[in-house]
Novice: 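Here it is: the structure, laid out below.
Source: prediction; values computed, not measured. Along the sequence shown, residues are numbered consecutively beginning with 1.
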Amino acid sequence: MLDPVELQRIATAALSAGAIVLFGAFYAICLALGRLKTLAFLLRISYAAYAGLVVATVLFAWAMNLTGWWLALVVVLLVGYFVAPRAIWRLSVATHEPTEPEPGAGGAKDE
C-alpha cells in the first residue's frame with residue numbers, strides 16, 4: 001500500500017502537470033491574440049497565465065521531488081514556454097509580410 005502522503009503528491013503532480021499544459025496554451029493564445037488585435041489587456045492576461053504556469057511548474061517540481069539536473073530541465077521548460085510563442089509570432093510575421101511585386105513581373109499593368 002502507498003502512504004497517503006505519497007498519494008497526495010501523486011495527485012498534486014498529476015493536477016499540476018495538467019495545469020502546466022493549460023496555462024502554457026492559454027499564455028500562447030492570449031499573447032498571439034493580443035498582438036494580432038493589438039489589445040493590451042490580452043497581453044496582461046498572457047503574463048498572468050505565464051505566472052500561473054510558473055506556479056504550476058514549481059508545484060510539480062515539489063510534488064515530484066525534483067533535484068539536480070531535473071531542476072535545470074524545469075528552468076529550461078519555463079524559458080522555452082516564455083520564448084517559443086514569441087519566436088513563433090516573429091516567424092509568422094516575417095513569413096506573412098506583404099511584399100510588393102517587382103515592376104514587370106507579370107502583374108496587371110497600368111496604361
Side-chain angles (χ1 to χ4, degrees):
M1 287 234 146
L2 290 174
D3 184 26
V5 173
E6 290 179 22
L7 286 175
Q8 182 183 12
R9 282 190 177 235
I10 291 171
T12 301
L15 291 174
S16 61
I20 288 171
V21 173
L22 292 177
F23 278 123
F26 193 60
Y27 162 68
I29 289 169
C30 286
L31 182 72
L33 288 177
R35 288 188 173 182
L36 184 65
K37 303 290 185 182
T38 61
L39 297 173
F41 79 93
L42 277 177
L43 293 176
R44 287 191 294 273
I45 291 173
S46 73
Y47 291 125
Y50 186 78
L53 173 68
V54 170
V55 169
T57 305
V58 168
L59 186 61
F60 180 79
W62 170 81
M64 295 299 293
N65 292 324
L66 300 180
T67 59
W69 287 104
W70 289 107
L71 285 179
L73 187 61
V74 167
V75 171
V76 169
L77 174 131
L78 287 173
V79 170
Y81 263 110
F82 188 77
V83 172
R86 296 166 181 281
I88 291 168
W89 176 261
R90 287 190 180 134
L91 178 65
S92 297
V93 167
T95 57
H96 292 88
E97 280 184 343
T99 57
E100 304 236 356
E102 295 181 16
K109 294 183 180 181
D110 293 332
E111 292 185 30

Novice: Do any pairs count as a ring-ring contact (aromatic ring centres under 6.0 Å, His included) and have a residue in residues 32-79, sequence neighbours left out, and if so which ones?
Specialist: Y27-Y50, Y50-F82
Novice: Within this structure, what is the CG-OG1 distance for the pair L33 and T38, rounded to the nearest 0.5 Å?
Specialist: 11.5 Å
Novice: Please lay out, stage by stage, how T57 and Y81 fare under the test side chain to side chain contact (heavy atoms under 4.5 Å, CB included).
Specialist: CA-CA 11 Å; T57 305; Y81 263 110; over 6 Å; no
Novice: Check side chain to side chain contact (heavy atoms under 4.5 Å, CB included) between V76 and all other residues, then give those that pass, not counting sequence neighbours.
Specialist: none
Novice: Can you list everything that forms a side chain to side chain contact (heavy atoms under 4.5 Å, CB included) with L71? Sequence neighbours excluded, please.
Specialist: A61, L66
Novice: Rounded to the nearest 0.5 Å, what's the gap from CG on L59 to CE on M64? Could you check?
Specialist: 12.0 Å
Novice: Do V74 and L15 sit in the same hydrophobic cluster, where Ile, Leu, Val, Met, Phe, Trp and Tyr count as joined when their side-chain heavy atoms come under 4.5 Å apart?
Specialist: no
Novice: Determine, step by step, whether F26 and L22 satisfy the side chain to side chain contact (heavy atoms under 4.5 Å, CB included) criterion, reporting the C-alpha distance in whole Å, the side-chain angles of both residues, the deciding distance to 0.1 Å, and the verdict.
Specialist: CA-CA 6 Å; F26 193 60; L22 292 177; over 6 Å; no
Novice: Identify whether L78 and L73 are in the same connected component of the hydrophobic contact network (ILVMFWY, side-chain heavy atoms under 4.5 Å).
Specialist: yes
Novice: Are the side chains of F23 and V55 in contact, using a 4.5 Å heavy-atom criterion?
Specialist: no
Novice: Looking only at heavy atoms, what is the nearest atom pair of A56 and S16, with distance?
Specialist: O-CB, 3.6 Å
Novice: Looking at side-chain heavy atoms only, is the closest gap between L43 and L31 below 4.5 Å?
Specialist: yes
Novice: Determine, using the 4.5 Å side-chain heavy-atom cutoff (strictly less than), whether I20 and V58 are members of one ILVMFWY cluster.
Specialist: yes
Novice: Where is the tightest heavy-atom contact between P85 and G80, given as atom of each residue plus distance?
Specialist: CD-O, 4.2 Å
Novice: Would you call R35 and L42 a side-chain contact if the rule is heavy atoms closer than 4.5 Å?
Specialist: no
Novice: Report the distance from atom OG of S46 to atom CD1 of I29, rounding to the nearest 0.5 Å.
Specialist: 11.5 Å
Novice: Kindly write out the residues that satisfy side chain to side chain contact (heavy atoms under 4.5 Å, CB included) with A63, not counting sequence neighbours, or none if the list is empty.
Specialist: T12, A13
